[in-house]
Amino acid sequence: MNKFAGIIIDNDSIQLDRIFTYGIPEELISSVKLGHRVKVPFGFNNKIIDGYVLEFYSDIAEINNLKYIKSVCEDYPLLRDADLELVRIMRENYLCTYLEGIKAIIPSAVTKGLSKKVSEVLYTGKELYGKYLKEGYISILKLVQENNGKYNKNELAKNYNISLSSLNTMLKHGFLTQEKVIIERFNAREFEAYDEKVLNKEQQSVVDSVLNSKDNVFLLHGVTGSGKTEVYMNLVRNMLNIDKESIILVPEISLTPQMIERFKGRFGRDICIFHSKLSDGERYDEWMRVKEGRVKVAIGARSAVFLPFNNLGLIVIDEEHENSYKSDSDPKYNAREIAEIRCSKEHCKLILGSATPSVETFYKAVSGKIDYLSIRSRADNALMPEVDIIDMREELNSDNRSILSRRLYNEIQECLAKKEQVILFLNRRGFSSFVSCRKCGFVFKCQSCDISLTYHHENHMLHCHYCGKRERAKSICPSCGSKYVKFFGVGTEKVEQEINRFFPQAKTLRMDFDTTRKKNSYEDIYRSFKEGKADILIGTQMIAKGLDFKNVTLVGVIAADLTLNLPDFRAAERTFQLITQVSGRAGRGDKPGKVIVQTYSPENYSIKYSATNDYLGFYTEEIKLREDMNYPPFSQIMSITLSSKDENLLIKNIQNIGILLKNKVSEYDKIDMLGPVPCSISKIKDMYRWQIIFKGDLTKEFCFSIRNMVYELLKDNYNHIRISIDVNPNTLM
Ligand code: ADP
Ligand code: ZN
Ligand code: ZN
């Protein structure tokens, strides 16, 4: 019999990141299960705190001072058996604590004492009689009859302008009755039906391969507009038919109304929607619907990969190349990897879908580790858009200093004349990218971050895009006093202004971080554009994905160089992906699409191959570079970033650590250590930042021992130095 339990304590301290042994009192032995949340006494004063049961023992060596579990929190375990293993794997792979792993799996909304929302809704009761048989009561009764069980009395009173006192009278005499029901806080809106389509040959063959194969993991490489979503939905339907559950992951920013519209329109409202913008109440309800087996399909961002389905048949990761699948706070997990683990443990299918697969995933397909499936033509026979590259240096030579090349200008004009729509893409928000003095070269920088400030025309302020600080824009240089302060570079705000100047008759919409802060603003902009209420949509990468507008025939990329010049080994890959994705927004209806890409580096391979939609060409060049430079997928990377308000303390410590780590690394001939060096953004929010990077054949043991060394060496400075360790980070900035 299991009389003892190994428990993870709900305390963030890294020193307590181990399994504590507790006794299980006789009366709880039958109710405590693995994965249960329990209350336990902890510490000198035996404070009662939460713990999670990770393992059981029938016997233990040391029984002195044993403490006992006090009580069980829920009548069912919050963690499934498979989750317990996942927690251990995350701790190994991402160097997080047990607790961080557990908290990634169970949303805090579930453990912080929320509960289901109860409301007393109205039903009709006995028939009116005698003096109550009058107009007012009759109409109320009729209303309630039409809405039996839908509203409580306050809602009814408010929605239909009825006096509460009439309702109270009717309740008192039994003409109305109230009943307690659980109110679901998820979005229960009904959507227009999205009818099933007959799959074309390529789509059908993908579905067949997935269902008939013995293998579990597939790359679905389908050009933009190839109807991947239809394939996903077909697979979900197949899973439903055999009573299995599905999770569809999409990047946070493309969890658009469109995606939800399609899924709810196809499968009804019994779909769990799970993302970071839910309120705690909504998140609680959605999670519980899954936990209690009331839904079989979930669609969500990264964290939905953990949803506690018990009979999972399918996980889809749409736009698998997106960075947002990797978490940047602990545990720094990658949903792609978690999905792979779940698939192998829970025997379900995993589809990694993309028009521009990540180099890592494509490499796996090439080397036969996962299956490769492709769709080469657009669904419903729409053509791929024609892409033209414009060399902006030539524009300068011809004395065109505007943000639009002559070609793009003409194309926009033509498009507007035909009453078709235009999308203009620029991956930078605000008005100008930096502000500087033409006389002395002074650049306005954020006082808290090592980054130049962006001018925002809307409020005449300089914004820091890292910490959000703002200051009033000045027209006098604070360094030399000259009045030659100028704005340089272009952001979406400036593009909008210029477009309005060039094409005053056109209606424009802008979609970026600044215009989508309010809760429904994204949806509003999306709908207005879809309904043709504007001619030109200007935006950042928010508009690059997933959007399917039939009347868009022209896409302009204002400056393809922005991502290309980032100091990151994935810069070329990102550029290729972004241009391809944004080009994919063009020509989705029956009219052909055109894409104009403006750049100062037209000869760059990522730009050239994206113009010919040649993924393989791009991959072939990129993978050679990766191999030559020993970057992923040929190596792993681990970054250790230390940050502190105290620059001297930080430098002293990281240099000290650097020497010791260098010694350690010299024992391994397949691992390189780079640094310590200041990060490329050397200060954020008043915290100075330095970095050490390991590259090579990093084993789990190696990473773990490095982590332990770093924590040990810094243990007297935890209050002053922040440690962030990332295995296979998205970027090295
Ligand atoms: P992707 O996600 O691959 O970019 P979508 O799923 O958005 O492509 O599909 C592109 C368009 O093609 C959508 O408007 C979709 O409704 C349509 N479509 C997809 N499959 C079919 C099909 N079998 N028959 C007709 N139209 C289809
Ligand atoms: Zn100056
Ligand atoms: Zn700042």
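Remember, it's 1-based here, ligands and their atoms both numbered in the order they're listed.
Ligand 1 does not have Arg378 within reach: every non-hydrogen atom of the residue lies 4.0 Å or more from it. Proximity of Gly225 to ligand 1 is established by a heavy-atom distance of less than 4.0 Å. Residue contact annotation: Phe549 has no non-hydrogen atom under 4.0 Å from ligand 1.
Numbered from 1 in the order shown, with element, the atoms of ligand 1 that lie under 4.0 Å from a heavy atom of Ser226 read 1 (P), 3 (O), 8 (O). Ligand-side atoms of ligand 1 in range of Val198: 22 (C), 23 (N), 24 (N), range being under 4.0 angstrom from any heavy atom. Those atoms of ligand 1 that come under 4.0 Å of a heavy atom in Thr224, given as number and element, are 4 (O).
Atom 23 (N) of ligand 1 has its nearest heavy-atom neighbour, among Gln203, Glu230, Arg262, in Gln203.
If you look at Ala379 next to ligand 1, the close heavy atoms, those under 4.0 Å, all belong to the side chain. Here Thr229 has heavy atoms under 4.0 Å from ligand 1 in both its backbone and its side chain. Contact annotation for Lys197 and ligand 1: only side-chain heavy atoms (C-beta onward) come within less than 4.0 Å of the ligand.
Among the atoms of Cys449, an N, O or S atom is found under 2.8 Å from the Zn ion (ligand 3).
Ion pairing between Lys594 and Glu411 holds under the 4.0 Å rule for side-chain N and carboxylate O.
Classified by interplanar angle (parallel below 30°, tilted 30° to 60°, perpendicular above 60°), the ring pair Tyr615/Tyr619 is parallel.
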